[in-house]
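Let me begin by presenting the structure, written as structure tokens, before commenting on it.
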Protein chains: 2
Amino acid sequence: MYNNYKDKLIGFYNKDRRMPTYTEMMSLFGFKSKNAVSRLVDKFIEEGIVSKDHLGRLVADVSFNSIPMLGYVKAGFPTDVAEELSDTINIDDYLINKKGDSYMLTVDGDSMIDAHITDGDMVLVEKTNTAKDGQIVIADVDGEFTMKYFRKKGDKIWLEPANKDFKPIHPKMYLNITAVVKAVIRKY
Amino acid sequence: MYNNYKDKLIGFYNKDRRMPTYTEMMSLFGFKSKNAVSRLVDKFIEEGIVSKDHLGRLVADVSFNSIPMLGYVKAGFPTDVAEELSDTINIDDYLINKKGDSYMLTVDGDSMIDAHITDGDMVLVEKTNTAKDGQIVIADVDGEFTMKYFRKKGDKIWLEPANKDFKPIHPKMYLNITAVVKAVIRKY
DNA sequence: CTTGACTGTGAACGCTCGTTCACATATACT
DNA sequence: AGTATATGTGAACGAGCGTTCACAGTCAAG
């Protein structure tokens, strides 16, 4: 019914990264009165598409930043996506826990190929000095940075590649963990 | 110098997903006058941290939604990240081209394992009816949905798994492309 | 046709916005 | 000490905000 208006609203939001004012919505929707906008906004609020904060300003619903989650590949695409939506997610929110400590790195080399991280992939890492046995980490071993599995048995720590052509790395001097890998992102 | 203020500003933005008003910034920064805020905002604008739109409203710089890109793993972490930043990216913008036609699917099975897409990975797909030879697609073959390499030689089209345990799929009745895989996302 | 529910117009209102004064205080330089 | 610069306070201002009137046109139900 009002999907046309909603699309225009989302379009504005994606372009300007903020909600429009009522005056802006007048021209956006083609109204000549702010009251028409006001009534439309009330409908949006009822439907949960938008809400208002304590200042009366419009706040975009999470769906403005999200993309639909459709379940498993085998299930395929529902004929009417809108009716089948199991969920929507915001990729940023989904991946990033600690905003200030998150960084992206490009993977160089195939030493983690058996973990299905290939040359050129992007990894999202979170800065930290500690890791658990089995986590994939970025570490500084004797002055060289590398990405490997972190291994810890008792008080012995070392790094292990996920590629049988490479050998485990036992630190000669030191092994400092710089970050742990939280996600892998590959773009085609 | 003003990084403390900047952090608070970014904190507010991440929480409320909008820029604060000058009055809100007064309590946010601990000022008792809007003029102090006004002068601070002018500095922010000079530094390019924020800008103003045609209504005088504050607009967040792209960096508010972005996370730092640090180059290659081997380069490791610069001691002072702020000075070494080659770039920042917004994961959403980086991955998503057509907002309305993008969906997330969870991968089921290991038929694309040799393309380093494993069971449980998430794939970001874009709806389309056409694909080029070699692209990874979601397709409906004779009534069953699957994710495979799309192959096309001349006017012959079929699907190929990236797993030697599986055989190519030649359609008996039809092969309809539903979407192409644009990115793979794996979260640890 | 009459009635009532919608939907849009146009104008008015109070409120908060961002801006801009004059003035006070602190810090640094001569 | 004296002066300039930076930084904060407090008050005032016009402008645009979101809200809310009264009123006109449209459409479906009775």
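In what follows, every chain begins at residue 1, and chains take the letters A, B, ... in the order their sequences are listed. This is a predicted model, so every value here is computed, not measured.
- Enclosure of atom NZ in B:K152 is not indicated, since only 12 or fewer non-hydrogen atoms of other residues, nucleotides or ligands lie within 6.0 angstrom.
- One atom, CG of A:N35, and another, P of D:dG25, lie 17 Å apart when rounded to the nearest Å.
- When the P atom of C:dC6 is taken as reference, atom CG of A:D42 falls 14 Å away, rounded to whole Å.
- For A:R39 against C:dG8, a side-chain N or O and a base N or O form a donor-acceptor pair under 3.5 Å.
- Atom C1' of nucleotide D:dA15 and atom CG of B:L55 are separated by 11 Å, given to the nearest angstrom.
- Comparing A:Y22 and B:A36 by the nucleotide of DNA chain D that holds the closest heavy atom to each, the one mapping nearer the 5' end is B:A36.
- Between A:F31 and A:Y22, a ring centre-to-centre spacing not shorter than 6.0 Å is recorded.
- Remark: P of C:dT7 and CZ of A:F29 are 15 Å apart, rounded to the nearest angstrom.
- Looking at A:S38 and A:N35, their side chains never bring a donor and an acceptor atom within 3.5 Å of each other.
- Of the two residues contacting DNA chain D, namely A:R57 and B:F31, the nearest-nucleotide position lying further toward the 5' end is that of B:F31.
- Between A:F44 atom CZ and D:dG18 atom P there is a gap of 15 Å when expressed in whole angstrom units.
- In terms of phosphate contacts, A:K34 brings no side-chain nitrogen or oxygen within less than 4.0 Å of OP1 or OP2 of C:dT9.
- Side-chain nitrogen and oxygen atoms of A:T23 include at least one within less than 4.0 Å of the OP1 or OP2 phosphate oxygen of D:dC17.
- Contacts of A:S38 with the nucleic acid, taken as non-hydrogen atoms under 4.0 Å apart, include base atoms.
- Note on B:S33: every side-chain N or O is 4.0 Å or more away from OP1 and OP2 of D:dG8.
- For the pair A:M25 CE and D:dC17 P, the computed distance is 11 Å after rounding to whole Å.
- A straight line from CD of B:E46 to C1' of D:dA6 spans 14 Å, rounded to a whole angstrom.
- As rounded to whole Å, 14 Å separates atom P of C:dG18 from atom CG of B:L40.
- Residues A:R17 and B:D93 are paired through a salt bridge, judged by an N-O separation under 4.0 Å between the basic side chain and the carboxylate.
- A:D142 places a side-chain N or O within 3.5 Å of a backbone atom of A:K172 that can act as its donor or acceptor partner.
- The side chain of B:K52 has C:dT19 as its nearest neighbour among D:dG16, D:dT19, C:dT19.
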